Structures are given as structure tokens and as C-alpha cells.
Amino acid sequence: MSSAEVEKLKKWIDESDNIVFFGGAGVSTESGIPDFRSVDGLYNQKWKYPPETILSHSFFEANPEEYYRFHREKLIVDGVQPNRAHIRLAELEQEGKLKAVITQNIDGLHQAAGSKNVLELHGSLLRAYCSKCGKTADPDVMNKGTGVPRCDCGGVIRPDIVLYEEPLDDDITRKAVHYIRNADILIIGGTSLNVYPAAGLINYYRGNKLVLINLSETPYDRYADLIIHEKIGEVFASV
Ligand code: OAD
């Protein structure tokens with residue numbers, strides 16, 4: 001892929017050693033994981049309840065069975081691999097150019113690609129714990145199998161993800177603000193920037209190289225110094 005925008009991004013990346021990436025579900029669609037808000041995304045499929053409801057704290061508490069049906073059928077996609085966006089971001093970190101990946105994704109694909117400093121704003125599907133006693137649990141029990149997974153203590157095992165109605169982790173949020181505030185280049189990609197407080201974190205950026213790589217428009221397009229409406233994996237394969 002080559003365009004004036006991608007060339008500009010490549011030049012900026014070549015010249016910087018303080019890049020921060022902020023991403024969402026669109027980073028993993030090229031790995032085969034559907035996003036939430038595209039026409040073929042999770043939120044446009046027919047479920048008995050809207051996914052935002054199913055993915056909420058109160059729903060999980062009241063209907064763990066229905067939650068787990070959705071979790072295993074929709075959130076878990078077997079055999080996924082990092083794509084060129086994840087891989088290039090990991091390389092940039094290794095080259096000393098990228099300081100942090102801040103992600104809203106819960107799929108663990110940045111770490112699978114080799115990224116070390118990954119701030120998971122919404123947690124991870126690869127971790128589980130008991131909602132009653134807090135003990136760490138085997139994520140396979142949660143992601144595979146049937147029915148509601150339970151701890152030895154009888155409590156319901158839950159994913160270590162941030163459900164709707166739950167706050168973000170303070171420590172992770174503080175770190176994300178730190179990296180964004182001090183970034184030379186902030187690259188935002190594959191996110192509709194519709195979900196707060198995560199989306200609001202990008203307001204801490206103070207530089208003049210705000211890059212947006214997203215297939216569709218976002219509420220932040222007008223603040224961007226560079227906009228690329230292309231597939232993010234293809235863009236990162238070229239920079
Ligand atoms: P969305 O589904 O809201 O947005 C994904 C964005 O990525 C859309 O704007 C797409 O146009 C774009 N996109 C899709 N594939 C792309 C590709 N290959 N290249 C570039 N852009 C692409 O997902 P998020 O913004 O991540 O939260 O959603 C934020 C949060 O909403 C999620 O973390 C999740 C959800 O509810 C929780 O579950 C708490």
C-alpha cells in the first residue's frame with residue numbers, strides 16, 4: 001500500500017522514538033475477530049438482549065448462564081493469530097520507537113505478537129477469577145465447556161474484563177494517561193471512539209502528530225493531524 005498519507009506516517013515513524021498506540025476492536029478484525037459496531041459487528045447481530053446489556057455487570061450477576069452463552073459463542077474465536085498491525089507494533093517497540101500499546105481489546109493478540117508494554121484498559125479474556133473469593137481461575141474453564149463455571153468455594157468464575165457499569169482499573173488508566181500525555185506521535189486505530197471513559201483518554205495528548213487509522217469516520221477525525229481510512233493491518237504492513 002502506498003499513498004501520500006501512508007508515506008507521511010512512515011516518515012513520522014522513522015523520525016520518532018516516542019510513539020504510543022491506542023487501539024480497539026478494528027485492530028483484530030483482520031485476525032478474524034468481529035468488531036462491535038461495524039455493520040457485520042457484534043452489535044448488529046440478533047440476540048435476545050443487546051450485547052451492551054449482556055456485557056454489563058448487573059446482567060452477569062443476574063443471568064450468568066445467558067452471559068456465558070454469549071461469551072463462548074461470540075467473544076471466543078478459536079485459532080486466532082496476530083495480524084500485521086499487531087506484529088509491526090511489536091517490532092516498533094523492540095526497535096525502541098514505540099513506548100506503549102494501549103488497547104480496549106480483550107483478546108491478548110498484542111502480547112501474542114510479542115508486545116511487552118500493553119495496557120489493557122478493558123482487561124483480558126485470557127484471565128479469570130472467582131467473583132466471590134477472588135481466587136485466580138483457569139481461563140479454559142470459562143472460555144470452553146458449558147454452563148456456568150464455578151470456583152471450589154461455590155462462587156461464579158468471571159472473566160477479568162471490565163464489564164459495562166464497572167470502572168476502569170486506576171493504575172492502568174494512570175499509566176495510559178502518562179504515555180499519551182508524553183507521546184510525540186499518538187496513533188489511534190481500529191476504534192470507533194464511542195466508548196467512555198476509554199475514548200476520553202486521547203484528550204490527554206498534547207503533541208501535533210495525532211494519527212487516526214480507521215475504516216469509518218470517528219468523532220475525533222477533525223482533531224487528527226493525519227487520517228487514514230484504510231485497513232490497519234495493510235497500513236502497518238507498509239510503514
Ligand atoms: P468498535 O466496534 O466500536 O469500533 C471498531 C472500529 O474499527 C470501527 O469504527 C470500524 O470502522 C473500524 N475497523 C474495523 N476493521 C478495521 C480495520 N481492519 N482497519 C481499520 N479500522 C477498522 O470497537 P471499539 O472502538 O474497540 O467494550 O469498541 C470499544 C468498546 O466497545 C470495546 O472495548 C467493548 C465494546 O463494548 C467493552 O466490552 C467494555
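Because the structure is predicted, anything quoted here is derived from the model rather than measured. Both ligands and their constituent atoms are indexed starting at 1 by order of listing.
Contact annotation: for Glu30 versus ligand 1, heavy atoms closer than 4.0 Å belong to the side chain alone. Both the backbone and the side chain of Asn214 come within 4.0 Å of ligand 1, judged by heavy-atom distances. With a 4.0 Å heavy-atom cut-off, ligand 1 is reached by the side chain of His122 but not by its N, CA, C or O.
The closest side-chain donor-acceptor pair between Asn117 and Tyr179 falls under 3.5 angstrom. Judged by distance alone, the side chains of His122 and Asn105 never bring a donor and an acceptor atom under 3.5 Å apart. Side chain to side chain, Thr173 and Asp170 fail the donor-acceptor criterion of an N or O pair below 3.5 Å.
You'll find the side chain of Leu55 reaches within 4.5 Å of the side chain of Phe36, heavy atoms only. With contacts defined as side-chain heavy-atom distances shorter than 4.5 Å, the pair Glu61/His57 qualifies. The closest side-chain heavy-atom distance from Thr29 to Leu215 is not below 4.5 Å.
Among all non-hydrogen protein atoms, the one lying nearest atom 29 (C) of ligand 1 is Gln104 OE1, 3.3 Å. Considering only non-hydrogen protein atoms, atom 39 (C) of ligand 1 sits nearest to Val162 O, 3.3 Å. Ranking protein heavy atoms by distance to atom 36 (O) of ligand 1, first place goes to Tyr164 OH, 2.4 Å. For atom 13 (N) of ligand 1, the nearest non-hydrogen atom of the protein is Gly26 CA, 3.6 Å. The protein atom (non-hydrogen) at minimum distance from atom 14 (C) of ligand 1 is Asp35 OD2, 3.3 Å. Residue, atom and distance of the protein heavy atom nearest to atom 30 (C) of ligand 1 are Val195 CG2, 3.6 Å. Nearest protein heavy-atom contact of atom 26 (O) of ligand 1 is Ala25 N, 2.8 Å. What sits closest to atom 25 (O) of ligand 1 on the protein, heavy atoms only, is Thr191 OG1, 2.7 Å.
For Glu65, the CD atom counts as loosely surrounded, since its 6.0 Å shell holds 12 or fewer non-hydrogen atoms of other residues, nucleotides or ligands. With a 6.0 Å radius and a threshold of 12 heavy atoms from other residues, nucleotides or ligands, Gln94 has its CD atom at or below the threshold.
Residue Ser216 has at least one N or O atom closer than 3.5 Å to an N or O atom of ligand 1. At a 3.5 angstrom cut-off on N or O pairs, Arg37 counts as close to ligand 1. Distances between N or O atoms of Leu163 and those of ligand 1 include no value under 3.5 Å. For Leu215, a nitrogen or oxygen atom sits less than 3.5 Å from a nitrogen or oxygen atom of ligand 1, counting backbone and side chain alike. Among the atoms of Ile232, some N or O lies under 3.5 angstrom from an N or O of ligand 1.
Using a cut-off of 4.0 Å between Lys/Arg side-chain N and Asp/Glu carboxylate O, Arg222 and Glu217 are scored as not salt-bridged.
Not a single heavy atom of Glu52 sits less than 4.0 Å from an atom of ligand 1. Taking a 4.0 Å cut-off on heavy atoms, Asn194 fails to register as neighbouring ligand 1. The closest approach between Gly233 and ligand 1 stays at or above 4.0 Å for every heavy atom of the residue.
The two residues Ser115 and Val101 come nearest to each other via the heavy atoms OG-CG2, 4.2 Å. Between Glu166 and Arg158, the shortest heavy-atom distance links the atoms OE2-NH1, 2.7 Å.
Of the options Phe236, Phe36, Tyr196, the smallest heavy-atom separation from atom 34 (C) of ligand 1 is shown by Phe36. If you check each of Ser28, Ala85, Ser192 against atom 1 (P) of ligand 1, the one with the closest non-hydrogen atom is Ser192.
Across Ser28, Ser31, Ser124, a single residue satisfies side-chain hydrogen bond (donor to acceptor under 3.5 Å, both in side chains) together with Asp107, and that is Ser28.
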